[in-house]
Amino acid sequence: MFKNIALAHRYFDMIRSGKTYGEIAEIEGASKRRVQQLVELAFLAPDIIRDVWEGNQPQGLTSNWLKSHAFTPIWDEQRDLFRALQELPMRLVQP
């Protein structure tokens with residue numbers, strides 16, 4: 001998952017430099033949708049990224065979950081949402 005977060009920041013930097021999702025997808029050999037999904041990871045709260053790096057993220061917080069569920073860019077709301085994931089049975093978390 002940390003690899004995807006790092007890639008998200010790379011893609012976001014490319015967007016800030018003027019590249020479109022389509023251009024990034026072509027450069028990276030990925031689909032436009034994949035680029036869009038990953039860019040969202042660039043907006044995770046710093047403490048959540050730290051928890052991922054340390055392996056302390058909630059059990060249900062995976063790249064697959066993040067790709068298939070919308071999440072807010074507001075850090076406090078992310079924390080609440082991801083904390084709630086920890087409390088759900090895994091059968092409800094996995095897509």
Side-chain angles (χ1 to χ4, degrees):
M1 185 158 136
F2 195 77
K3 179 181 171 186
N4 284 338
I5 293 170
L7 197 54
H9 283 276
R10 174 182 149 104
Y11 290 171
F12 187 61
D13 287 343
M14 293 170 84
I15 289 168
R16 287 191 300 185
S17 73
K19 298 267 190 274
T20 66
Y21 287 112
E23 290 169 334
I24 296 168
E26 187 175 323
I27 291 166
E28 297 290 316
S31 71
K32 183 178 170 182
R33 179 66 187 131
R34 171 85 172 142
V35 172
Q36 290 169 326
Q37 288 174 326
L38 285 179
V39 166
E40 293 178 9
L41 299 180
F43 300 97
L44 287 171
D47 55 305
I48 293 170
I49 294 172
R50 182 200 63 233
D51 288 348
V52 169
W53 177 255
E54 294 173 352
N56 295 325
Q57 75 270 21
Q59 183 177 5
L61 184 60
T62 64
S63 289
N64 285 337
W65 189 92
L66 290 167
K67 286 188 314 188
S68 60
H69 295 83
F71 64 92
T72 176
I74 299 170
W75 292 348
D76 285 337
E77 292 176 14
Q78 287 177 12
R79 291 177 189 106
D80 292 342
L81 172 64
F82 301 151
R83 193 174 308 113
L85 277 179
Q86 186 68 34
E87 298 167 5
L88 291 175
M90 280 307 294
R91 65 180 168 72
L92 297 176
V93 175
Q94 295 175 344

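Residues take their numbers from the sequence shown, with the count starting at 1.
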Chemist: Is there a path of hydrophobic side-chain contacts, each under 4.5 Å between heavy atoms of I/L/V/M/F/W/Y residues, joining Trp75 to Trp65?
Modeler: no
Chemist: So, do Phe43 and Phe12 have ring centers that fall under 6.0 Å from each other?
Modeler: yes
Chemist: Looking at every non-hydrogen atom in both residues, tell me the closest pair between Ala42 and His9 and how far apart they are.
Modeler: O-CE1, 3.4 Å
Chemist: Can you tell me if CD on Glu26 sees more than 12 non-hydrogen neighbours from other groups inside 6.0 Å?
Modeler: no
Chemist: Report yes if some heavy atom in the side chain of His69 is under 4.5 Å from a heavy atom in the side chain of Leu81; otherwise report no.
Modeler: no
Chemist: Between OG of Ser17 and CD of Glu23, what distance do you get to the nearest 0.5 Å?
Modeler: 9.0 Å
Chemist: Quick check: closest heavy atoms across Val52 and Phe2, and the distance to 0.1 Å?
Modeler: CG1-N, 4.1 Å
Chemist: Distance check, rounded to the nearest 0.5 Å: Arg34 atom CZ versus Asn4 atom CG?
Modeler: 5.0 Å
Chemist: Can you name the closest pair of heavy atoms from Met1 and Leu61 and give their distance?
Modeler: SD-O, 3.6 Å
Chemist: Hey, what do you get for CG (Asp47) to CZ (Phe82), rounding to the nearest 0.5 Å?
Modeler: 10.5 Å
Chemist: Starting at CD1 of Ile49, measure out to CD of Gln57 and round the result to the nearest 0.5 Å.
Modeler: 12.0 Å
Chemist: State, with a plain yes or no, whether a side-chain heavy atom of Leu41 is found less than 4.5 Å away from one of Tyr11.
Modeler: no
Chemist: Would you say that Val35 contacts Met14 through its side chain, given a criterion of any heavy-atom pair below 4.5 Å between the two side chains?
Modeler: no
Chemist: Using salt bridge (charged side-chain N to carboxylate O under 4.0 Å, His left out), reason through Arg10 and Asp13 one step at a time and then give a plain yes or no.
Modeler: CA-CA 5 Å; Arg10 174 182 149 104; Asp13 287 343; over 6 Å; no
Chemist: Considering only heavy atoms from C-beta outward, does the side chain of Phe71 approach that of Leu44 to under 4.5 Å?
Modeler: yes
Chemist: Quick one: are Val39 and Tyr21 in side-chain contact, heavy atoms under 4.5 Å?
Modeler: yes
Chemist: For atom NZ of Lys19, is the number of surrounding heavy atoms from other residues, nucleotides or ligands below 6.0 Å larger than 12?
Modeler: no
Chemist: If I compare all heavy atoms of Ala8 with all of Leu38, which pair ends up nearest, and what's the gap?
Modeler: CB-O, 2.7 Å
Chemist: Mark yes or no for whether Glu77, through its side chain, and Thr72, through its backbone, hold a donor-acceptor pair below 3.5 Å.
Modeler: no
Chemist: To the nearest 0.5 Å, what is the distance between CG (Leu66) and CD1 (Ile5)?
Modeler: 7.5 Å
Chemist: When you group the ILVMFWY residues by side-chain heavy-atom contacts below 4.5 Å and let the links chain together, are Trp53 and Leu85 in the same group?
Modeler: yes
